[in-house]
**Q** 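I have a structure here, written as structure tokens, and I will follow up with some questions on it.
Predicted model only: the values in this text are computed from it and were never measured.
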Amino acid sequence: MDILLSILVPILVGFVGALMGAYIVFERYKNEKLWQERFDTLKEIVGITETLYVHSNSSVLEFCGFQVMNTEHRENWKMFLLKQNFNLAIRF
């Protein structure tokens, strides 16, 4: 009986420890996954907000008489500047 307990107890303790370790790791993984999804969502919201800000800002600048340079004009901006004889705002 003493030999059975000396073999059974370490196996039982090892099994319980492995189960607890797996449970803790799985819970941590779920938490990290949730935070990653939240981060991705917030990143998308910030991107959309930034896009709205840029478009509204460029619309206001165009309304005020500024010429807004967009991505099409950025490649040959020197020619664009030479053709324009009035105020210029660069949209990023």
Side-chain angles (χ1 to χ4, degrees):
M1 182 73 172
D2 209 20
I3 296 175
L4 182 63
L5 284 178
S6 67
I7 294 174
L8 188 62
V9 169
I11 291 175
L12 187 62
V13 169
F15 184 70
V16 169
L19 283 177
M20 289 179 64
Y23 176 75
I24 290 170
V25 167
F26 184 68
E27 288 296 316
R28 184 181 294 172
Y29 169 76
K30 284 194 321 188
N31 271 344
E32 288 178 3
K33 193 71 172 168
L34 285 174
W35 279 108
Q36 183 64 38
E37 290 174 5
R38 289 177 187 164
F39 175 76
D40 291 340
T41 303
L42 288 174
K43 190 169 140 182
E44 186 176 341
I45 289 171
V46 167
I48 291 170
T49 306
E50 189 176 56
T51 302
L52 288 173
Y53 173 74
V54 166
H55 285 295
S56 66
N57 195 17
S58 64
S59 298
V60 169
L61 288 172
E62 286 175 350
F63 181 76
C64 293
F66 287 90
Q67 177 66 32
V68 178
M69 181 190 310
N70 58 18
T71 54
E72 298 165 3
H73 298 123
R74 247 187 244 158
E75 293 173 358
N76 36 356
W77 61 274
K78 289 181 182 178
M79 290 302 295
F80 179 79
L81 288 176
L82 290 174
K83 291 179 182 176
Q84 306 301 323
N85 294 326
F86 46 89
N87 294 330
L88 174 72
I90 299 175
R91 180 172 57 179
F92 293 100

**Q** To the nearest 0.5 Å, what is the distance between CD on Gln36 and OG1 on Thr41?
**A**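 Reported value, rounded in 0.5 Å steps: 9.5 Å.
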
**Q** Table please: side-chain donor-acceptor pairs of residues 12-31 below 3.5 Å, with sequence neighbours left out.
**A**
| unit_1 | atom_1 | unit_2 | atom_2 | d |
| --- | --- | --- | --- | --- |
| Glu27 | OE2 | Lys30 | NZ | 3.3 |

**Q** How long is the gap from NZ on Lys43 to CD1 on Ile48, to the nearest 0.5 Å?
**A**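 These two atoms lie 13.0 Å from each other.
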
**Q** What's the separation between atom OG1 in Thr49 and atom CG in Leu42, rounded to the nearest 0.5 Å?
**A** 10.0 Å

